[in-house]
Amino acid sequence: MLELIKRLYPICRSITGGGVRQTLDILESHIAIERHEIASGTPVFDWTIPDEWNLSRAWIKDSAGNVVVDTAVHNLHVVNYSEPQHATMSLEALSSHLHSLPATPDWIPYRTTYYKRDWGFCLTDRQRKSLRPGMYEVVIDATLAPGHLTWGECYLPGESDREVLLSTHVCHPSLANDNCSGMALLTFLARHLRDRRRRLSYRLLFIPGTIGSIAWLARNEARVGRIDAGLVASCVGDRGNLTYKRSRRGNAPVDRAVERVLQASGRSHRIVDFVPYGYDERQYCSPGFNLPVGCLMRTPNGEYPEYHTSADDQSLVSAEHLADSLQTYAEVCVAIEEEISRDAGDGRSATLLQTRSHQADRATQTTGARDDSPRYVNTQPKCEPQLGKRGLYRATGGSNHPGATQMAMLWLLNFSDGDHSLSHIGEKSGIDPILLTHTADLLVEHGLLVRV
Ligand code: ZN
């Protein structure tokens, strides 16, 4: 896995473009991958497949002709998905396009601008402070034009056509733990599963984050009823303990399986409830799908200082921890098959468990039946609606924490399924009730929620 990470790390990936294809080429030298593409401009639920971004090189030159920032040195130096640029400008004008991290002055931040046409550079704060007033030549030699969104699937049929979905994102450039580790883990898990008896079928997805899972769900809507369990693999190589984020249902076979394996391991671990933020479980667990998909990682996104910076490099992942994660995933697959066959034996069907989420039941128990706070229903329950096109989401992605209003939107959209009142959502999320009420009003104004 370390060797594979070493090959994957230098590639300049994005949500579309040659970086994803090159990545799949490398994974294909280990496992059989079926490639899928959707043309730019194709609608997928509330979203549209974006243009294809391909970067040759981006750099900044000072007036003496010295190259002071250069993607040939590090892929993170350009804001991912920046539009092409060639201009000469003052440092003052350039400044609004520069991103750095004063608290960690030797690290380059990872920033994206997928859903708003913009451009920028990321650099260490030390580099930034060394820039003297004067004129700078800025070049982003890239193409941003209609093409395709690409993803890879590895399907391993089992005795039953009931499926386990394993998903990992393939859109991050030169970040080792998030998420070369996830790609390496699923690749080697596929090789492990390939050679053993499988009661269930396994579908491994190598997809660009967010838009990739939305596109996959749009294309495979008729098939999602076959999914009995799923896991999103991310951040699986760092030295932290394992963390399991439950599915939205909270008590699905996958939740029981992972909890059982982690408990049996006897090692420190953490189990947390579903929150509508993180990786592609946000889409799989959107209320219109509510698939039994959890997320098994080591240190979660945003909880380690190197997250989304150049310090998330190959020194952050270790063979020992990658191997431990792989072993755990392999054990979880066995446990999932046991849980599913036990449910089948008990006559408990997955659909029965799906009808009402465990968390909704728990919320009802704690707040009692006389809850008269308002209830809303999400009008776009299949995947997250695209908040950016409505001006409701920050344009530059990658930073550690979303704003409070954005979190309130995600909670409201995910749990406004008729089962959860505003006070339930407030209790589950810990979000200030006044902010929650104002945000609900805002989402009603935009037609994303209706009061019931
Ligand atoms: Zn990430």
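Atoms within each ligand, like the ligands themselves, are counted from 1 in listed order.
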Side-chain donor-acceptor distances from residues 140-151 under 3.5 Å, at least two apart:
unit_1	atom_1	unit_2	atom_2	d
Thr150	OG1	Glu37	OE2	2.6
Trp151	NE1	Glu153	OE2	3.1

> Parallel, tilted or perpendicular: which fits the ring planes of His424 and His420, with parallel below 30° and perpendicular above 60°?
Replying inline: perpendicular
>> Please list all pairs meeting salt bridge (Lys or Arg N to Asp or Glu O under 4.0 Å) that have one or both residues in residues 69-82, counting only residues at least two apart or in different chains.
In response: Arg57-Asp70
>> Distances under 2.8 Å only: what protein N/O/S atoms are near the Zn ion (ligand 1), ordered by chain and residue?
In response: His172 NE2, Asp178 OD2, His308 NE2
>> So, using side chain to side chain contact (heavy atoms under 4.5 Å, CB included) as the criterion, who are the partners of Thr113 when residues are at least two apart?
In response: Val79, Lys116, Asp118
>> Whether Asp125 and Lys129 form a salt bridge (side-chain N of Lys/Arg under 4.0 Å from carboxylate O of Asp/Glu) is what I want to check.
In response: yes
> Any cation-pi pair here, Arg249 with Phe274, using under 6.0 Å and within 45°?
Replying inline: no
